Amino acid sequence: MDVPTATSLNEIYPEDAIKSHTERWNRLISKFKSEYGRLPDFVSRSPGRVNIIGEHIDYCLYEVLPMAIEADVLQAVAVHEQEAGPSTIRLANVHTEKFASKEFDIPDTGDVEIDPSTLEWTNYFKSGLKGATELLRKTQSDFKKSVGMDVVADGNVPSGGGLSSSAAFTCTSALSVMKANGVDKVDKKELVEVAIVSERSVGVNSGGMDQAASVFPHRGSALYVSFVPELSAKNIAFPEMKSPLVFVIAQSFVAADKHTTGPVCYNLRVVEVTLAALVLSKIFGLMDLPPDASPLGTSLRTFHDAYFQQKEGVKDNYAVSKSEYQAQLQDLVQKVDQYLPQDEGYTRQQMSEIMGMSIPDMEEKYMKKFPIRAEKFKLRQRALHVFGEAIRVLKFNELLSSPPPQSEKENEDLLKSLGELMNDTQESCRDLYENSCPELDELCQLARSAGAYGSRLTGAGWGGCSVHLVPENKVDAVRQKWIEQYYTKKFPDISEDKLREAIVVSQPGSGSCVYSVG
Ligand code: NG1
Ligand code: MG
């Protein structure tokens with residue numbers, strides 16, 4: 001399955017949005033001309049995403065259900081003639097005020113340095129470049145380094161807001177580099193795999209949901225993403241319904257700073273769930289878990305499959321039926337409840353004793369790439385969230401994939417059931433995974449009180465965005481409530497523009513593509 005080539009914006013955006021995107025694309029091309037004195041060879045694009053359900057479980061290798069949004073990252077690219085010596089990459093951005101132009105050389109080795117301690121927009125280009133280079137080396141034996149390129153980027157996915165501007169940027173960059181180096185047919189799965197690994201070099205041990213959601217989707221569908229036995233994605237068309245599914249995204253305008261150390265830290269959660277997998281596998285006397293594609297090489301999913309294969313004699317746990325799989329997860333929730341009883345968390349000492357691994361070895365293996373300061377690790381709560389959330393994704397997908405409702409009552413029931421699952425996720429994020437914040441809780445509360453079926457944070461949390469399933473005829477009421485009770489209270493000087501940016505009704509958008517210019 002290759003990344004599609006578009007020849008008109010109609011193939012990318014919904015009809016009512018073509019006009020504003022045409023203006024954007026024109027601005028991008030003029031900026032390119034004024035910056036480099038020529039037309040680009042092509043434009044690559046990849047969208048942001050909103051995660052409908054399945055939070056913080058992608059890096060545990062459990063299925064997730066995001067959808068692409070319309071907002072995206074565009075890169076207009078002109079390819080340099082191949083010459084001896086270093087290749088030069090020139091990067092400019094339509095939003096010069098925020099993102100200053102940069103230029104760097106790719107040395108003869110072909111490898112660029114990325115300093116994850118600086119939060120620099122061009123790092124995300126470099127990470128896409130790095131990933132694409134590695135892939136090109138694998139597929140073309142004589143490939144050494146990328147050609148030079150002139151690039152102008154434009155993104156309208158809000159950054160730091162849980163809509164995955166970073167993955168949109170990394171995917172677009174990797175796509176640009178592959179295209180610039182003569183790969184005409186870029187395989188979607190390869191692109192996603194490259195972008196997942198690349199993004200980890202920028203400072204977060206992330207899972208693969210965002211990159212999959214940026215590349216694979218078809219317009220009008222949510223995406224059911226699986227990570228085992230290998231990465232795969234299934235487009236789930238929204239059912240035809242009298243009262244359709246309407247997802248509203250609301251920003252909290254609390255900047256989510258995932259990079260900070262301390263308890264509000266993405267990387268700490270990744271360490272906690274990895275250690276939970278190791279501790280559980282020791283408790284159940286499993287043989288060593290095979291390494292997997294999760295950020296630290298061991299995941300709850302791998303523990304899960306090993307448990308049922310080694311203890312219960314299941315031959316191939318990927319092949320069990322959906323209901324069996326759900327029952328297993330339910331069983332694991334009970335196991336955690338029983339075998340990981342400590343509410344206050346586990347110390348390094350305790351974990352090292354259970355795992356039979358010295359503290360320095362444990363730190364070297366799991367806490368070195370991104371140092372962790374925490375003293376207690378809440379294995380119980382984190383594992384309970386992960387297994388519970390994996391069940392909710394299964395249930396949500398089952399509801400979406402069942403035959404469309406035939407009566408108003410069925411329609412209403414379906415929306416309510418979907419909403420309840422979203423509400424349960426929010427509760428679990430707030431209480432077990434502790435990745436919500438008072439502002440996100442408040443946005444959810446307000447939406448529900450104005451008629452939303454379900455409300456939850458989306459993305460990493462600790463700020464950023466929330467997503468709400470809202471009856472079509474209540475969207476205005478919900479919006480009004482937020483404006484009165486949240487936005488204008490918290491930000492008395494908020495502008496009309498900012499408010500428009502804050503609340504967006506989102507239809508599922510289409511994934512990455514390349515547009516040939518001229
Ligand atoms: P955000 O913060 O929304 O980009 C992050 C991770 C995802 C996933 C979610 C939580 C990155 C690039 N992405 O998303 O992989 O783990 O948090 O579900 O960090
Ligand atoms: Mg991100």
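Values in this document were obtained by computation on a predicted structure and should not be read as measured data. Note that the numbering runs from 1 along the sequence shown for the chain. Indexing begins at 1, ligand by ligand and atom by atom, following the structure's order.
- Listed by chain and number, the residues in a side-chain hydrogen bond (donor to acceptor under 3.5 Å, both in side chains) with Y325 are E63, R301 (sequence neighbours excluded).
- Every atom of ligand 1 is numbered from 1 in the order shown, and the set under 4.0 Å from a heavy atom of Y59 is 16 (O).
- Panel note: side chain S294, backbone T298; a donor-acceptor pair is recorded below 3.5 Å.
- The closest approach between any non-hydrogen atom of R269 and ligand 1 is not below 4.0 Å.
- When each atom of ligand 1 is checked for a heavy atom of D58 under 4.0 Å away, the hits are 7 (C), 8 (C), 15 (O), 16 (O).
- For ligand 1, the atoms sitting less than 4.0 Å from at least one non-hydrogen atom of E55 are 10 (C), 18 (O), numbered in the order shown with element in parentheses.
- Polar contact with ligand 1: present for G207 (N/O pair, distance under 3.5 Å).
- Qualifying salt bridge (Lys or Arg N to Asp or Glu O under 4.0 Å) partners for E439, counting only residues two or more places apart in sequence or in other chains: K490.
- For E272 (side chain) and K378 (main-chain N/O), a donor-acceptor pair under 3.5 Å exists by modelled atom type.
- Interface atoms of ligand 1 facing H56, defined by a heavy-atom separation under 4.0 Å, are 10 (C), 18 (O).
- Within ligand 1, the atoms closer than 4.0 Å to a non-hydrogen atom of R49 are 1 (P), 3 (O), 4 (O), 14 (O), numbered from 1 in the order shown.
- R448 places no side-chain N or O within donor-acceptor distance of the main-chain N or O of Y453, the cut-off being under 3.5 Å.
- Applying the 4.0 Å criterion to heavy atoms of M209 picks out, from ligand 1, the atoms 8 (C), 9 (C), 18 (O).
- For ligand 1, the atoms sitting less than 4.0 Å from at least one non-hydrogen atom of G162 are 3 (O), numbered in the order shown with element in parentheses.
- No N or O atom of N51 sits closer than 3.5 Å to an N or O atom of ligand 1.
- Of all the atoms in ligand 1, the ones that sit under 4.0 Å from a non-hydrogen atom of E199 are 12 (C).
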